[in-house]
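Notes to accompany the following structure.
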Amino acid sequence: MEDSERITPYLFTFKPINRFFFGSSYSLGEGFFAESLKFPQPTTVLGCIRNTILAQKNLMNITTIAREDFLGTNKVQELTGTSKIEKLSDQGHDFGVIDRISPVFLVKHSNNKLEDALFRVPDNVVLDECSSLTCCEYEKKDNAKSSYSGREKEYAILSSKKPKSFKANRYGDKSFWHAYLNKKLIPYNSTYREENIFTVYENVGIEREDRKAKRGSFYLKIEYSLKEDFSFGVIVWLKNDFHLEDCVVILGGEQSTFLLKIYKDYENLLSNPVIHRVVKENCNLIDNLKSCTGKEKLVALSPIILDGGLCSIFKQSMEHCVIFGIQSTRTVSRANGKNKSEAVRMIPAGSVFYPSSQININLNWPIPYSIGYNYILKIDRR
C-alpha cells in the first residue's frame with residue numbers, strides 16, 4: 001500500500017424495501033422446497049457494492065448488466081478491481097477502491113437513528129428452564145479416554161450445561177457482549193429473538209425450466225423480510241475517501257431491492273465491543289490462531305471456511321468445539337442461470353472453538369477474510 005493511500009471504514013446499511021430471497025443449497029433445484037438464507041452471503045454484498053460503484057460513475061446499468069462484462073475497461077478495473085472470485089482459494093484479491101468488507105450483521109434503528117449492532121449469540125450461551133441466558137463452562141479432565149470426531153483423546157470435556165437448556169437462538173446487543181466478554185451476568189432481552197427480527201413469508205411457486213424438478217410443478221418458497229427497526233449492516237473499508245451516495249440497490253439472484261445508506265460517522269455503534277473490535281482490531285482467524293496459548297476461546301462472527309490444509313491443522317489443534325451443524329451454499333452463474341458452483345461448506349457464525357495451543361500455520365489465503373468470512377473474537381477463557 002502506498003504511503004499516500006488512506007483507508008476509511010464506512011458503515012453500509014441495507015434496508016429491505018420488501019421481502020427478500022437469498023439463494024442457498026435449498027433453492028437451486030434440489031426438489032420442491034426453496035428457502036432463503038436469512039443473511040446475504042459476503043460475495044453477494046461485495047458484488048452489489050462493486051456494481052453500485054460503477055453505476056454511480058455511469059459505467060454500467062446496475063439492473064441489467066453484470067460487472068464482468070466491463071472488466072476490460074481500465075477505469076472499471078481501477079474502481080472495482082480485477083478479482084472475479086471464481087474460487088475462494090484464488091490468490092488475487094484486487095477489489096479496486098474496496099480494501100475489504102466485514103461480516104454482515106444486524107443494525108437496530110430508533111427514530112431513524114443508529115442505535116446498536118447485533119451479532120449472533122455464541123453457541124455456548126443457552127436458554128435455561130428459568131428463561132435466563134447462561135454461558136456454559138467447559139472443564140478439561142485429564143487421565144481419561146474419550147473420542148471426539150473420531151479422534152481418540154487422553155482427556156474428557158465436562159460441560160456445565162443443564163439437560164433442559166435450549167439453544168439461545170437470538171442476537172446480542174452491546175449490553176449482551178459487554179457481559180459475555182467480561183464474564184458478567186448476561187441480561188435477558190426478548191426483543192432480539194430471531195422471530196422478533198425476521199418476518200417469514202411462505203408462498204407457492206411454479207418450477208421454471210432452469211430447475212431440476214418438472215417444469216410447471218409447484219414448490220414451497222420461503223422468503224423473509226426484516227421488522228421495521230432493523231437493517232443489515234456491513235463495515236466497508238474504502239481507499240482514499242472514495243464517496244458513494246445513498247441509493248436503491250439489488251441483492252441476490254432474485255433481484256431483491258434494498259435501500260443502501262452509507263455512514264462515515266457511526267460513533268454510537270462503536271460502543272458495541274464487537275463493532276469496536278471489528279473496526280479497530282485484527283479479527284482474522286488465521287492470524288489469531290498463530291498467537292493462541294491454550295488459554296483462549298474463539299467465537300465465530302462470520303461463517304468459517306477451511307481449505308484442505310487449514311482444515312486438517314484446525315481439527316488437530318482444537319481441544320473442544322461447540323458447533324451446531326455445517327452450512328452449505330452454492331452460487332449460480334448470472335450468464336445463464338443454470339451453472340452451479342461446487343458446494344462450499346462453512347462452520348456457521350456463533351460457533352465456539354477452544355484451541356489447545358499455539359497453531360503453526362504457513363498459509364496465504366487472503367480472499368475469505370477480505371470479503372467477510374473467517375472473522376473471530378479471541379477471548380480469554382478465565
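Since the structure is predicted, the reported quantities are computational estimates derived from the model, not experimental observations. Excluded from the calculations below are hydrogen atoms, water molecules and symmetry mates; all remaining heavy atoms, backbone and side chain alike, are included.
When the side chains of ILVMFWY residues are joined at heavy-atom separations under 4.5 Å, either directly or via intervening members, Y201 and Y224 end up in two distinct hydrophobic clusters. Under the 4.5 Å side-chain heavy-atom criterion for ILVMFWY residues, no single connected hydrophobic cluster contains both V126 and Y180. In terms of hydrophobic clustering, with Ile, Leu, Val, Met, Phe, Trp and Tyr side chains grouped at heavy-atom distances under 4.5 Å, V200 and L226 are assigned to a common cluster.
Here the CD1 atom belonging to I305 is positioned 10.5 Å from the CD1 atom belonging to I367, to the nearest 0.5 angstrom. Here OH of Y375 is found 9.0 Å from CG of N282. Values are rounded to the nearest 0.5 Å. Atom OG1 of T80 is separated from atom CG of L59 by 8.5 Å, given to the nearest 0.5 angstrom. To the nearest 0.5 Å, the span separating CG on L289 from CD1 on I376 amounts to 7.0 Å. A distance of 7.5 Å separates CD of Q56 from NE2 of H243, quoted to the nearest 0.5 Å.
Residue-environment remark: NZ (K183) exceeds the threshold of 12 foreign heavy atoms within 6.0 Å. With a 6.0 Å radius and a threshold of 12 heavy atoms from other residues, nucleotides or ligands, N112 has its CG atom at or below the threshold. Environment of NZ in K167: crowded, with over 12 heavy atoms of neighbouring residues, nucleotides or ligands closer than 6.0 Å. Counting non-hydrogen atoms of other residues, nucleotides and ligands closer than 6.0 Å to NZ of K290 gives a total above 12. No more than 12 heavy-atom neighbours from other residues, nucleotides or ligands sit within 6.0 angstrom of NZ on K57. Around atom NE2 of H178, more than 12 heavy atoms belonging to other residues, nucleotides or ligands sit under 6.0 Å away.
Under a 4.0 Å N-O distance rule, the pair E139/K141 qualifies as a salt bridge. No salt bridge links K161 with E137; every basic N to acidic carboxylate O contact stays at or beyond 4.0 Å. Between D241 and R6 there is a salt bridge, since a side-chain N of the basic residue sits under 4.0 Å from a carboxylate O of the acidic one.
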Stepwise side chain to side chain contact (heavy atoms under 4.5 Å, CB included) check, L238 with I98
CA-CA 5 Å; L238 295 178; I98 305 169; 4.0 Å; yes
Under the criterion side-chain hydrogen bond (donor to acceptor under 3.5 Å, both in side chains), I'd like the reasoning laid out for H109 against S231: C-alpha separation, chi angles, the key distance, then a yes or no.
CA-CA 8 Å; H109 302 265; S231 63; 2.7 Å; yes
Could you walk me through whether R381 and K297 satisfy the side chain to side chain contact (heavy atoms under 4.5 Å, CB included) test, starting with their C-alpha distance in whole Å, then the side-chain angles of each, then the deciding distance to 0.1 Å, before giving a yes or no?
CA-CA 6 Å; R381 296 189 204 178; K297 61 184 176 184; 4.2 Å; yes
Could you go through C292 and K378, starting from their C-alpha distance and side-chain angles, then the distance that decides it, and tell me whether this counts as side chain to side chain contact (heavy atoms under 4.5 Å, CB included)?
CA-CA 9 Å; C292 286; K378 184 162 69 173; 4.3 Å; yes
Audit row: V274, L377, side chain to side chain contact (heavy atoms under 4.5 Å, CB included) steps and yes/no:
CA-CA 8 Å; V274 181; L377 288 180; 4.0 Å; yes
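The aromatic rings of F22 and F258 lie parallel to each other, their planes meeting at an angle below 30°, with 60° marking the opposite boundary. Between Y138 and H320, the ring-plane angle classifies as tilted under the 30° and 60° cut-offs. Under the 30°/60° scheme for interplanar angles, the aromatic rings of Y171 and F198 are found to be tilted.
Under 3.5 Å, the side chains of D116 and N272 contain a donor-acceptor pair of N or O atoms. Checked by atom type, the side-chain pair N268/E115 shows no donor-acceptor distance below 3.5 Å.
Using modelled atom types, one side-chain atom of D94 and one backbone atom of G96 make a donor-acceptor pair closer than 3.5 Å.
When each of F14, F20, F105, F12 is tested with F232 by the rule ring-ring contact (aromatic ring centres under 6.0 Å, His included), just one qualifies, namely F20.
Under the 4.5 Å side-chain criterion, counting only non-hydrogen atoms from C-beta, V234 is not in contact with P103. You'll find the side chain of F314 stays beyond 4.5 Å of the side chain of P355, heavy atoms only.
Taking the centre and axis of the six-membered ring of F21, the NZ or CZ atom of K221 falls inside the cone set by 45° and 6.0 Å.
The nearest pair of heavy atoms linking I197 to T191 is CG1-O, 4.3 Å.
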